[in-house]
Amino acid sequence: MITLPGVDKKMIANNLIPFEPTHPGEILREELECRGITQTKLANEIGVKVSLLNELINGKRDFTIEYAMMIEAALDIDADFWMNLQSAYNKGKIQHDPSFMKRIANIRKIAAIL
């Protein structure tokens, strides 16, 4: 990576970490609203309880490959899209955990010596 004198590396666009990661449920909620589909209708179509779908949409439950594939079948949005969003969300959450990031920094210090 090229660094510029006087530029904080944390402020370079590729190094920015979003303030709050976006759960894929937020995207699903917007998609349903745009299509005029209720949670009840989608839940019935994919064969899950409305309460489970609501937990997905409200970020209280993680997307699994099973849920992603069912949503793909119903909405024609690739399951990989949902799984990539979930992965990015998980990574973003852990990047906001100071104790874990301190642990990562320590591992990097040790690895640099090896």
Using a strict threshold of under 4.0 Å (side-chain N to carboxylate O), is an ion pair present between K93 and E20? yes

If we only count heavy atoms from C-beta on, is the L85 to I27 side-chain gap below 4.5 Å? yes

May I ask you to decide whether K60 forms a salt bridge with E55, counting only side-chain N to carboxylate O separations under 4.0 Å? no

According to a 4.5 Å side-chain heavy-atom criterion applied to Ile, Leu, Val, Met, Phe, Trp and Tyr, with indirect links allowed, do L52 and I46 form part of one hydrophobic cluster? yes

Nearest-0.5 Å distance, CD of residue E72 to CG of residue D80: 7.5 Å

Could you check whether atom CG of D76 has more than 12 heavy atoms from other residues, nucleotides or ligands sitting under 6.0 Å from it? no

How many angstroms lie between atom CD of Q39 and atom OG of S51, to the nearest 0.5 angstrom? 10.5 Å

For atom CE of M83, decide whether the heavy atoms of other residues, nucleotides or ligands shown that lie under 6.0 angstrom number more than 12. yes

Candidate pair D62 and Y67, rule side chain to side chain contact (heavy atoms under 4.5 Å, CB included), full reasoning: CA-CA 9 Å; D62 287 347; Y67 298 141; over 6 Å; no

Test L56 against R61 for side chain to side chain contact (heavy atoms under 4.5 Å, CB included), laying out the working first. CA-CA 5 Å; L56 278 172; R61 183 181 291 262; 4.2 Å; yes

What's the spacing between I71 CD1 and I77 CD1 if we round to 0.5 Å? 8.5 Å

Quick check: closest heavy atoms across A68 and W82, and the distance to 0.1 Å? CB-CB, 3.8 Å

Report the distance from atom CD1 of I57 to atom CD of E33, rounding to the nearest 0.5 Å. 9.0 Å

Under a 4.5 Å cut-off applied to non-hydrogen side-chain atoms, are N58 and E26 in contact? no

Keeping the roles fixed (side chain from N54, backbone from V50), state whether a donor-acceptor pair exists under 3.5 Å. no

Answer yes or no: is there a donor N or O on one side and an acceptor on the other, between the side chain of R35 and the main chain of L75, under 3.5 Å? yes

Go through it in stages, so that I can follow the logic: the residues are L32 and L42, the test is side chain to side chain contact (heavy atoms under 4.5 Å, CB included), and I'd like the CA-CA distance, side-chain angles, deciding distance and then a yes or no. CA-CA 9 Å; L32 293 178; L42 180 61; 3.7 Å; yes

Does the side chain of L53 reach to within under 4.5 Å of the side chain of T40, using non-hydrogen atoms? no

If every non-hydrogen atom of G92 is compared with every non-hydrogen atom of P21, which pair is closest and at what distance? C-CG, 3.5 Å

Path from F81 to M69 over hydrophobic side-chain contacts below 4.5 Å: no

Quick one: does any side-chain atom of H96 pair with a main-chain N or O of K91 as donor and acceptor, under 3.5 Å? no

Decide yes or no for F63 and L28: does some side-chain heavy atom of the first lie under 4.5 Å from some side-chain heavy atom of the second? yes

Kindly work out whether a path of hydrophobic side-chain contacts (I/L/V/M/F/W/Y, heavy atoms less than 4.5 Å apart) joins M70 to I65. no

All heavy atoms of M101 vs all of Q95, minimum pair found to be CG-O, 3.4 Å

NZ/NE/NH1/NH2 to OD/OE distance under 4.0 Å, K41 and E45: no

Could you give the distance from CG (D97) to CZ (R103), rounded to the nearest 0.5 Å? 10.5 Å

